[in-house]
Amino acid sequence: NEKTWAICPDVRGSMDTVCGNNGRLRYIDIAAMFTAFLAKGLNDVVALPWSNNVKKYSCSFSDSVVTQMNFIRGIGGGGTNMSCALETMIANNIKRDVCVFITDTESYNSKSRWGGNGTSWLEAWVKYHNKT
C-alpha cells in the first residue's frame, strides 16, 4: 500500500463472455471484482477502464465494492485498444509504481482490430516504462 497503482480493467464487449463451459461468471465480473477490491483497499490508485478508449471512472472509491462492481459492469462495450490506458497515462503524466491490466487476453501484442488504431500494448508499455 506504499506504492502508487493504476488499475486498468478491460470493459469491452468480449468481456461479457462466460468463463469456461458451464458457468455463469463472465470475464467482466472478474475484472469488476478485482478493480473494486483494489480501488477500495489501496491508498493511491487510479482506475482507467478501457475498450476502444478510456472510460470515465465516476464511481467513488469510498463506495462499496458491490457498488463499484456494478458501475464497472455497466460501462462496458466498445472496441479494442488495449494501449489506450497507457497512452492516457503518458499524455496526462500519470506515473504509477504498479500497473494492473485485467483482460480476457484476446489481444495484447497486436494492432487493434476493433475500434482503434492504437499501437500495440507492448509498444505502449515500453514507451510508458521509458518515461517513468
Could you walk me through whether Lys127 and Ile90 pass the side-chain contact (heavy atoms from CB on, under 4.5 Å) test, one step at a time?
CA-CA 8 Å; Lys127 184 177 176 183; Ile90 292 167; 3.8 Å; yes
Determine whether a donor-acceptor pair (N or O, by modelled atom type, separation under 3.5 Å) exists between the side chain of Asp63 and the backbone of Gln68.
no
Ignoring hydrogens, what is the shortest heavy-atom contact between Asn81 and Asn52? Give both atom names and the distance.
CB-O, 3.6 Å
With a 4.5 Å limit on heavy-atom distance, are the side chains of Val11 and Ile28 in contact?
yes
Determine, stepwise, if the pair Ile102 / Thr35 fulfils side-chain contact (heavy atoms from CB on, under 4.5 Å).
CA-CA 8 Å; Ile102 307 166; Thr35 301; 3.7 Å; yes
Residue pair Leu48, Ile7: steps toward the side-chain contact (heavy atoms from CB on, under 4.5 Å) verdict
CA-CA 6 Å; Leu48 300 166; Ile7 311 302; over 6 Å; no
Hey, what do you get for CD1 (Ile75) to CG (Asn70), rounding to the nearest 0.5 Å?
12.0 Å
Minimum heavy-atom distance between Ser14 and Tyr27, given as atom pair plus value
O-CD1, 4.5 Å
Report the C-alpha distance between Val100 and Phe34 in whole Å, list the side-chain angles of each, state the deciding distance to 0.1 Å, and finish with yes or no for side-chain contact (heavy atoms from CB on, under 4.5 Å).
CA-CA 10 Å; Val100 177; Phe34 277 101; over 6 Å; no
Has the side chain of Asp10 got a donor or acceptor atom that lies under 3.5 Å from a matching backbone atom of Arg12?
yes
Any Val46 side-chain heavy atom under 4.5 Å of Arg96 side chain:
yes
Measure the CD1-SG distance between Ile72 and Cys59 for me, rounded to the nearest 0.5 Å.
7.5 Å
Just by distance, do the side chain of Ser51 and the backbone of Thr80 share a donor-acceptor pair under 3.5 Å?
no
Determine the interplanar angle of the Trp50 and Phe101 rings, folded into 0 to 90°, and report it as parallel if under 30°, tilted if 30 to 60°, perpendicular if over 60°.
tilted
Sub-4.5 Å side-chain heavy-atom contact between Arg73 and Arg26
yes
Can any side-chain N or O of Lys40 pair as donor or acceptor with the backbone N or O of Ser62 at less than 3.5 Å?
yes
Say you draw a straight line from CG of Leu38 to CE of Met33; how long is it, rounded to the nearest 0.5 Å?
10.0 Å
What residues join Val126 in its hydrophobic cluster, counting side-chain heavy atom gaps under 4.5 Å, either direct or through other members?
none
Side chains of Thr103 and Met82: does their closest heavy-atom pair fall under 4.5 Å?
yes
Below 4.5 Å, heavy atoms only, C-beta onward: do Asp44 and Lys3 meet side chain to side chain?
no
Quick check: closest heavy atoms across Met89 and Ala6, and the distance to 0.1 Å?
CE-CB, 3.8 Å
Show your working on side-chain hydrogen bond (donor to acceptor under 3.5 Å, both in side chains) between Thr67 and Ser64 and close with a plain yes or no.
CA-CA 5 Å; Thr67 298; Ser64 73; 2.9 Å; yes
Would you say Trp5 and Cys99 make side-chain contact, with heavy atoms under 4.5 Å?
no
